[in-house]
There are 2 protein chains.
Amino acid sequence: MTKIKRDTSKKRTAILDAAQKAFMEFGYENTSMDQISELADSSKRTVYNHFPSKDELFEAVLERFFQEASELKNIPYDKQQSLESQLEKFIDAKIIVSKNQEWLGLMRVAMSVFILNPQVAEEMMDRIHKMDDHLAKWFEAAKKDKKLKFSKSDELSELFYAGVSGLFFWPVILGAKIPDKKVKSLKKTYIDNFLKVYRSH
Amino acid sequence: MTKIKRDTSKKRTAILDAAQKAFMEFGYENTSMDQISELADSSKRTVYNHFPSKDELFEAVLERFFQEASELKNIPYDKQQSLESQLEKFIDAKIIVSKNQEWLGLMRVAMSVFILNPQVAEEMMDRIHKMDDHLAKWFEAAKKDKKLKFSKSDELSELFYAGVSGLFFWPVILGAKIPDKKVKSLKKTYIDNFLKVYRSH
DNA sequence: ACAAAATTACACTGACCAGTTTACTTTTAC
DNA sequence: GTAAAAGTAAACTGGTCAGTGTAATTTTGT
């Protein structure tokens with residue numbers, strides 16, 4: 001009665017890759033399951049054997065994507081390094097999406113879908129909050145190290161990320177191209193201002 | 001040979017209203033011209049007589065919407081009032097969308113479409129930059145009044161609005177419900193921090 | 001080697017939808 | 001009052017697409 005299972009991860013991955021590429025290029029609504037199966041060198045039936053619906057395939061693509069992306073964001077507090085350079089790393093992690101054309105495309109589709117689907121968006125907000133956690137922990141460590149002074153670390157990370165998103169993430173999602181030079185100077189100003197308020201003296 | 005023209009604005013408005021309502025509720029892709037014509041108490045043919053395509057109807061809806069919305073955002077510098085209360089007005093103007101369920105719905109659709117259509121998004125960015133102009137002018141006036149110190153007013157308004165968007169606009173677009181109490185305290189913190197850096201002493 | 005598991009090809013269902021056609025009725029400016 | 005302008009009803013075209021059914025073929029673990 002025990003089911004013999006075989007390794008189907010190759011096709012599965014091929015389908016996920018194809019779906020990611022298609023969604024990225026055409027958006028959710030304008031990508032068809034036929035396109036995806038063709039791109040994956042598979043039959044449509046196989047696609048449906050792996051994923052019960054277009055919806056769930058899309059979610060699986062996002063799942064994988066956010067998994068990969070979130071691995072970049074755990075930056076431990078380091079006494080040896082300046083606060084500036086460490087905060088810059090958090091910003092870089094947040095905006096790395098804009099450096100990779102593929103990620104950017106997928107992030108766009110993800111955002112456009114989230115905006116229209118509040119319930120799906122909620123999962124998204126959870127992810128964002130988990131990212132905030134990393135930063136909040138970093139703030140706590142810096143506080144213990146007597147380098148920062150503040151009351152609530154979660155509010156602080158919300159505040160910090162809000163500015164970063166508004167400056168670097170959303171404009172790029174909406175198609176703006178920010179020159180590296182400007183990114184650099186904005187980052188510096190932003191971090192300096194932040195530390196002017198919260199650094200302990 | 002002169003064409004006799006009759007007033008068709010009533011039907012036209014009814015169609016725009018219906019389209020706005022439908023797009024708001026279902027998004028662009030999931031709204032059909034049949035739905036719109038039914039909601040407008042008109043025939044589909046009449047819809048097409050007024051607007052040559054679904055695309056152009058959508059743009060007409062947005063045009064009207066942004067026209068209305070942009071009238072709220074010109075706040076003149078006033079020596080008599082505190083910097084705090086005036087900056088708060090800029091924030092309120094930016095987030096007023098979230099107070100009106102209709103506007104919010106339409107803004108969501110607009111954003112989801114903009115994200116996937118870079119060329120349409122560009123028009124949008126122009127509008128945003130015009131809003132930035134009002135704030136930049138306000139900053140210049142405050143500088144002349146020796147209440148603020150900074151070098152570039154356009155960079156400063158970008159910085160200011162980035163945080164506001166990241167804190168209040170995008171989360172709401174993505175479905176977050178921020179309690180009034182939290183909005184209030186975040187606004188205060190945000191403005192205080194800003195003034196800690198840029199107020200002249 | 002072989003049987004179960006996985007995959008394929010492809011036709012098919014049922015639905016939706018942008019935009020058009022046509023023949024008709026209603027409205028309104030003069 | 002009338003003729004042109006505006007609007008209507010409903011069927012139609014041509015297309016797309018999510019998801020299914022099926023019978024056949026290929027793969028693979030043992």
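Lettering follows sequence order; numbering is per chain, from 1.
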Nucleotides 19-24 of chain C: protein proximity per nucleotide (B base, S sugar-phosphate only, - neither; heavy atom, under 4.0 Å):
BBB---
Partner set under ring pair (Phe, Tyr, Trp, His ring centres under 6.0 Å) for B/Tyr77, not counting sequence neighbours:
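Here the qualifying residues are B/Trp138.
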Residues two or more places apart in sequence or in another chain: which of them pass ring pair (Phe, Tyr, Trp, His ring centres under 6.0 Å) with A/Phe194?
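So A/Phe194 forms a ring pair (Phe, Tyr, Trp, His ring centres under 6.0 Å) with A/Phe139, A/Phe160, A/Tyr198.
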Counting just side-chain N and O atoms, does B/Lys10 come under 4.0 Å of either OP1 or OP2 of D/dA6?
no
Is A/His50 close enough to C/dA6 that one of its side-chain N or O atoms is under 4.0 Å from OP1 or OP2 there?
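So the side-chain polar atoms of A/His50 never come under 4.0 Å of the phosphate oxygens OP1 or OP2 of C/dA6.
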Salt bridge flag under 4.0 Å for residues B/Asp92 and B/Lys187:
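A salt bridge is present here (some side-chain N lies under 4.0 Å from a carboxylate O).
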Among the nucleotides D/dA6, C/dT7, D/dT8, whichever has the atom closest to the side chain of B/Thr46 is D/dT8
Residue pair B/Thr8/A/Gln35 against DNA chain D: nearer the 5' end by closest nucleotide is B/Thr8
Just checking A/Asp41: base, sugar-phosphate only, or nothing, at a heavy-atom cut-off of under 4.0 Å?
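Touches sugar-phosphate only.
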Contact class for A/Ser37 (heavy atom, under 4.0 Å): base, sugar-phosphate, or nothing?
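Since no nucleic acid heavy atom lies under 4.0 Å of A/Ser37, the category is nothing.
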Please say whether more than 12 non-hydrogen atoms of neighbouring residues, nucleotides or ligands are located less than 6.0 Å from CD in B/Gln81.
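Yes, enclosed.
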Expressed in angstrom and rounded to an integer, what is the separation of [X] atom [atom1] from [N] atom [atom2]?
X: A/Glu38; N: D/dC17; atom1: CD; atom2: P; value: 12 Å
X: B/Asn30; N: C/dC17; atom1: CG; atom2: P; value: 8 Å
X: A/Tyr28; N: D/dC17; atom1: OH; atom2: P; value: 13 Å

How are the rings of B/Phe114 and B/Phe66 set relative to one another: parallel (under 30°), tilted (30 to 60°) or perpendicular (over 60°)?
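The arrangement is parallel - the two ring planes meet at less than 30°.
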Could you walk me through whether A/Asp7 and A/Ser9 pass the side-chain hydrogen bond (donor to acceptor under 3.5 Å, both in side chains) test, one step at a time?
CA-CA 6 Å; A/Asp7 179 27; A/Ser9 62; 2.8 Å; yes
